[in-house]
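One is the number of the first residue; the rest follow in order along the sequence. All ligand and atom numbering here is 1-based and tracks the order in the structure. All figures in this text were calculated on a predicted structure; none of them were measured in a lab. Just so you know, these numbers use all the heavy atoms, side chains as well, and skip hydrogens, waters and symmetry mates.
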Amino acid sequence: MSFEKRYVIAVDIGTTSTKTLVVGRDGTVFASHAVEYPLFTPEPGAAEQNPDEIFAAVIRSIRESVRKAGLSASQILCVSFSSAMHSIIAVDRNGHPLTPCIVWADNRSARYADILKRDGKQIYMDTGTPIHPMSPLLKLMWLKDERPDIAHKANKYIGIKEFVFAKLFGRFVVDYSIASASGLFNLRRLDWDERALAAAGITREMLSEPVPPTYRLEGLDPQHAADMGLSIDTPFVAGGSDGVLANLGVDAVGKGVYAVTIGTSGAVRGVVRSPVADPQGRLFCYALTEDYWVVGGPINNGGIMFRWARDQLATLEAEQARSRGLDPYDYLTEMAAGVSPGSEGLVFLPLLAGERAPFWNANARGVFFGLSLNHEKRHMVRSVLEGVVYRIHSVMSALEEFAGKAVEIRASGGFARSPLWRQMMADVLGTKVAVPDTIESSCLGAAFIGFYAMGEASGLHEVSGWVRTGSEHVPDERNNRIYGELLQIYNRVYHRLKDEFDEIAAFQQKYGRGSE
Ligand code: ADP
């Protein structure tokens with residue numbers, strides 16, 4: 001191995017783990033390491049993590065990946081970062097945390113969405129972050145009201161990546177995309193938004209300094225540098241959020257190329273060259289650089305719907321699969337493949353966990369519509385898979401209004417393991433679906449930003465040389481027509497049930513059935 005500085009260490013601070021890759025100039029991954037940590041729910045609606053534990057995981061995952069790749073510090077060009085969006089930690093004057101890291105899934109600020117109704121729309125139009133409890137803006141409102149003792153002592157409010165940088169460099173900086181997802185950052189000016197700051201009741205001094213993703217931090221704390229196997233001169237690159245970097249990592253950067261991820265939850269995202277604000281509030285828009293923004297929508301009910309069907313509807317079949325040494329998902333997918341597209345008129349609204357984009361209705365609930373005596377379990381399983389793709393279709397329709405017609409989908413997440421599910425997506429959306437061979441797309445996106453920041457790439461388009469696609473699915477015209485008819489029914493059923501969703505959610509709350 002030569003001693004040129006040729007490798008970027010890419011770190012993705014996620015909700016379940018921190019993953020680190022060692023990446024070469026052509027996108028080759030030489031080593032990886034992940035360190036997990038828990039999520040705490042000390043009270044209903046809470047979702048918290050220990051920031052010191054995450055910091056330790058970052059240090060360890062960097063050290064281990066450097067060791068596994070057999071690199072010396074002199075071979076490392078830089079360390080570049082991705083992290084989950086929407087986290088918030090109150091810190092005191094010395095940067096010590098006064099709260100745990102409150103993550104996106106924390107719902108305790110839900111009622112502030114209503115309180116913000118008057119100013120909320122303008123704030124959304126200016127910041128691109130939906131007015132939703134995931135947003136740090138609402139979390140700050142909650143904290144000020146319900147934890148006044150902490151708010152009183154807080155010197156700054158920062159996200160998890162800023163916390164890590166502060167410990168390593170003694171500085172508070174935040175990249176544009178993480179800032180963008182805070183609900184406090186003006187998308188056009190790329191600076192903190194006065195109206196949002198006023199709504200949160202804080203000043204800009206209480207937030208970090210916004211910097212582009214290519215911003216470099218230098219002057220690493222010597223002890224931490226030694227712990228990671230790095231030199232004190234190794235630059236750290238600010239990078240971005242996992243959502244926007246995932247688009248880079250699957251090369252969904254060009255016009256009409258959209259990234260669709262369906263893991264436990266799901267998301268659709270596209271890259272645009274100017275900020276988008278949807279007057280109907282259906283989409284998010286986050287800045288990536290001064291020239292690129294990522295627009296899209298998240299869904300709660302992604303692969304978790306298939307898991308629910310496996311565990312609740314098809315328990316017996318899942319058991320049979322396991323006893324034969326088969327993956328229950330593969331077995332159930334095979335069952336579903338025996339049913340024709342459209343599940344013989346059975347439509348599933350997969351809204352069991354409430355829903356985010358495009359209609360942001362936490363009270364929405366699941367519906368099987370059209371059940372008749374000829375429907376069997378395999379129809380129900382197929383309709384669950386189809387229903388998840390209908391959800392993607394709803395988000396995609398809103399997205400196409402702003403970002404242009406889809407010409408290609410880049411599919412990732414657990415669902416992409418299933419050829420049937422991928423073909424279904426091509427048929428429902430009427431768009432080619434390709435599967436990039438990327439494993440950790442956000443991490444790979446961070447690695448690319450690292451090379452770009454160090455002057456080793458001329459623009460984001462160059463990422464295309466890093467990503468190869470495997471299987472491709474072309475829409476079947478007949479199936480596309482069938483799904484087109486069902487989608488109209490699906491959409492009408494959804495809109496007609498608006499009041500009933502509220503009523504049943506209220507009933508469930510009253511009689512003890514949890515919601516999201
Ligand atoms: P996470 O979002 O937690 O990282 P994954 O991306 O691994 O999770 O996605 C998990 C989901 O992927 C499961 O809930 C399931 O819906 C789906 N999935 C996993 N394996 C398969 C498979 N073989 N066929 C179809 N779907 C699958």
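Formation of a donor-acceptor pair under 3.5 Å by the N480 side chain with backbone atoms of D476 is not found in this model. Without hydrogens or angle criteria, E485 side chain to I482 main chain gives no donor-acceptor distance under 3.5 Å.
Among all non-hydrogen protein atoms, the one lying nearest atom 14 (O) of ligand 1 is G303 O, 3.1 Å. Looking only at protein heavy atoms, the nearest one to atom 19 (C) of ligand 1 is R417 NH1, 3.3 Å. Shortest contact from atom 22 (C) of ligand 1 to any protein heavy atom: Y329 CB, 3.5 Å.
Using modelled atom types, one finds no donor on one side chain facing an acceptor on the other under 3.5 Å when comparing T20 with S65. Side chains of S343 and E386: a donor-acceptor N/O pair is present below 3.5 angstrom, by distance only.
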Fill in: Residue pair N363, D502: steps toward the side chain to side chain donor-acceptor pair (under 3.5 Å) verdict
CA-CA 6 Å; N363 290 339; D502 289 343; 3.0 Å; yes

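Considering backbone and side-chain atoms alike, W421 places every N or O at 3.5 Å or more from each N or O of ligand 1. Distances between N or O atoms of G414 and those of ligand 1 include at least one value under 3.5 Å.
Proximity of F415 to ligand 1, defined as any heavy-atom pair under 4.0 Å, is confined to the backbone N, CA, C and O atoms. Under 4.0 angstrom from ligand 1, the non-hydrogen atoms of D327 all belong to its side chain.
We find that K139 and E48 are not joined by a salt bridge, their nearest charged nitrogen and carboxylate oxygen being 4.0 Å or further apart.
Against a heavy-atom cut-off of under 4.0 Å, S418 is close to the following atoms of ligand 1: 24 (N), 25 (C). Residue T264 has at least one heavy-atom neighbour below 4.0 Å for each of these atoms of ligand 1: 1 (P), 2 (O), 3 (O), 8 (O), 9 (O). Ligand 1 places these atoms under 4.0 Å from at least one heavy atom of F306: 16 (O), 25 (C), 26 (N). Annotation for ligand 1: atoms under 4.0 Å from non-hydrogen atoms of G413 are 6 (O).
Using bins of under 30°, 30° to 60° and over 60° for the plane-to-plane angle, the ring pair F415/W421 lands in the perpendicular bin.
Between R269 and Y258, every side-chain heavy-atom pair lies at or beyond the 4.5 Å cut-off.
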